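Notes follow once the structure below has been shown.
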Amino acid sequence: MNGSFYDYIERHRSFLLLGASSASYFFAMVVARKTLDADGLYFWNVLVTLVSMSFSFCFFGAEQVFLRQSTVMEGRVEINRTTLWVMAGALLLFTVLLAAVFEGYFFHLGGVAIYLFLAVCVGIFVFVYNFLRLRRSFSAAQLAANGWKFTILPGVLLAPFGNTAWSIMSGFGLAAAGAIWLLVYSRKSLVVTDDLMPVGWKPLFFGYSLSLLVLMVLNNADRLIISRYGSQEQFSEYVYLVTLLLLPFSLLSNYFGFREMAHLKRGYDRRLFARKVFAGGALTGFVFVPWFGLIYAFQEALEVPIIGVYALPGMVIVTCRSSYALLSALFALKARPEQIYIANLLTLLVIVAGMSFLIVVKVTITSTLLVFAAFWSARIAIYAYFSVQVKEYKSCHAH
């Protein structure tokens, strides 16, 4: 019995790590809500918003080029040197643009150093995460991507007794150091070649850039609108609500996507994949119901204002995200550049129309959740349409 239990833990260790990191982040949100003053709480919520944006777009899509062009064989990941330079240049540009665009217009942190430090940390997380998941080192990959959720909790706990910014940012620095250690430990598995970039890589790169830009907008435009058109207190209230309601399912969808990417590098069976897409969405929707009930029942203790009407758009969002995570993994590997452009331009049109409508009717929590549920429904419909055109394949290299 003990053997079977330990075997179970070993098989699902990466998922258990994901759950533990999610729980740590959940507690950090609650602790921040209950212990930080208004300014400290605003800083915390801006920070988690910037983290979300950076995870989506810190490489402008170059990490997708890395995933697509890499060769995986016998635990080694081979990639050409130019791809790594493209990723480094994209991260540098992102760190500059993040500070220049968002400080003063959307957010007010009082300086650019935090933006730069945070973007570099997230860049480290994203690169090491993608490298390790290609190696099928799923547990280490989860630590690289989500280790900051463990280190951030002590920072939030200590924040009321000192400098809030320094305490919280120290957690990110510690997590970045841990991700670098994982990379150094596995360095022999990363083989850098001097091969030339394949023909047509630029259209793919720009297609991925557009795709991830749209994804970043999908995940964060609601927060940006409230930060621009509302007060700091309203912004903090909304981020707290959405995080408690949707965060666990965002992490679950990310887990589905990162596991499926490694499988798709080795082969694709359309019928099996369709079952996975349906099962992932159904499982997430099923789990969301009791989760919403718990948040609703303990709203006073959690200090989160929530009403029953939030349930429907919340379920639509989390269900679509889980199914989309699988579709996007296939799309990233096998979609043609023109498909990527068309899919994302269509999504962008839906976003622009929806945001215009939202601003006109009035920006409230209910209207924002309903519009974003419509966004995600449109996104998954568009991706499903193009994904069914991907031919089945069987390959160990899957370039």
Side-chain angles (χ1 to χ4, degrees), residues 21-58 91-126 144-181 216 219-220 222-224 226-228 230-244 247 302-304:
S21 65
S22 177
S24 178
Y25 186 48
F26 178 88
F27 285 121
M29 289 295 300
V30 175
V31 169
R33 174 73 172 184
K34 290 183 172 294
T35 63
L36 299 181
D37 58 22
D39 290 338
L41 189 60
Y42 173 75
F43 175 86
W44 163 255
N45 284 298
V46 169
L47 202 65
V48 297
T49 300
L50 292 173
V51 169
S52 174
M53 295 171 62
S54 299
F55 263 100
S56 297
F57 204 53
C58 64
L91 179 60
L92 177 62
L93 180 59
F94 176 80
T95 60
V96 174
L97 291 177
L98 187 69
V101 173
F102 290 95
E103 177 61 22
Y105 188 80
F106 288 107
F107 305 126
H108 305 278
L109 297 182
V112 301
I114 291 175
Y115 294 86
L116 304 181
F117 179 76
L118 190 67
V120 171
C121 286
V122 174
I124 293 170
F125 302 154
V126 172
N146 296 305
W148 65 273
K149 296 184 178 74
F150 293 111
T151 59
I152 205 69
L153 179 56
V156 175
L157 288 169
L158 293 174
F161 305 101
N163 184 285
T164 299
W166 188 91
S167 296
I168 294 175
M169 295 307 294
S170 294
F172 283 97
L174 183 60
I180 292 172
W181 182 86
M216 182 183 71
N219 286 327
N220 299 283
D222 54 341
R223 302 183 183 195
L224 296 179
I226 290 181
S227 71
R228 179 63 182 169
S231 65
Q232 291 188 1
E233 290 75 15
Q234 288 174 319
F235 172 76
S236 295
E237 290 279 349
Y238 180 80
V239 172
Y240 182 62
L241 166 67
V242 172
T243 301
L244 292 191
L247 170 71
L302 295 172
E303 299 182 21
V304 54

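Positions are given from 1, in the same order as the sequence printed here. Nothing here was measured: the structure is a model prediction, and the numbers come from that model.
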Exercise answer: donor-acceptor pairs, residues 95-103 side-chain atoms, under 3.5 Å, sequence neighbours excluded:
unit_1, atom_1, unit_2, atom_2, d
T95, OG1, L92, O, 2.6
E103, OE1, L109, N, 3.0
E103, OE1, Y115, OH, 2.5
E103, OE2, L109, N, 3.2
E103, OE2, G110, N, 3.1

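Each of I124, I114, T151, V51 was compared with F172 under the side chain to side chain contact (heavy atoms under 4.5 Å, CB included) criterion, and only V51 meets it.
The shortest distance between side-chain heavy atoms of F43 and L36 does not fall below 4.5 Å. Taking 4.5 Å as the limit, every side-chain heavy atom of T164 sits out of range of all side-chain heavy atoms of W44.
In terms of heavy atoms, A32 sits closest to L41 at O-CD1, 3.6 Å. Scanning both residues, M216 and F57, for their nearest heavy atoms gives SD-CB, 3.7 Å. Of all heavy-atom pairs spanning M53 and F94, the tightest one is O-CZ, 4.4 Å. Residues L91 and A119 share a closest heavy-atom pair of CD1-O, 3.6 Å. Closest approach of I152 to I168, counting heavy atoms only: CD1-O, 3.1 Å. Annotation for E237 and R33: closest pair OE2-NH2, 3.0 Å, computed over non-hydrogen atoms.
Between the CG atom of L174 and the SG atom of C121 there is a distance of 10.0 Å, given to the nearest 0.5 Å. Atoms OG and OH, on S21 and Y25 in that order, are 11.0 Å from each other to the nearest 0.5 Å. The CG atom of L158 sits 6.0 Å away from atom OG of S167, with the distance rounded to the nearest 0.5 Å. Taking OH of Y238 as the start and OG1 of T243 as the end, the distance is 9.5 Å to the nearest 0.5 Å. With rounding to the nearest 0.5 Å, the separation of CG in L118 from OG in S54 is 5.0 Å. The distance from atom CD of Q232 to atom CG of N45, rounded to the nearest 0.5 Å, is 10.5 Å.
When the ring pair (Phe, Tyr, Trp, His ring centres under 6.0 Å) test is applied to Y42, the partners found at least two apart in sequence or on another chain are F235.
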Starting from the C-alpha separation in whole Å, work towards a yes-or-no answer on side-chain contact (heavy atoms from CB on, under 4.5 Å) for L302 and Y240. CA-CA 10 Å; L302 295 172; Y240 182 62; 4.0 Å; yes
Please assess S170 against W166 for the test side-chain contact (heavy atoms from CB on, under 4.5 Å), listing each intermediate value before the final yes or no. CA-CA 6 Å; S170 294; W166 188 91; 3.6 Å; yes
Show your reasoning for whether side-chain contact (heavy atoms from CB on, under 4.5 Å) applies to F106 and R223. CA-CA 9 Å; F106 288 107; R223 302 183 183 195; over 6 Å; no
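A donor-acceptor pair under 3.5 Å is absent between the side-chain atoms of S52 and the main chain of V48, judged by distance alone. Looking at S227, its side chain does come within 3.5 Å of a backbone N or O of L224 through a donor-acceptor pair.
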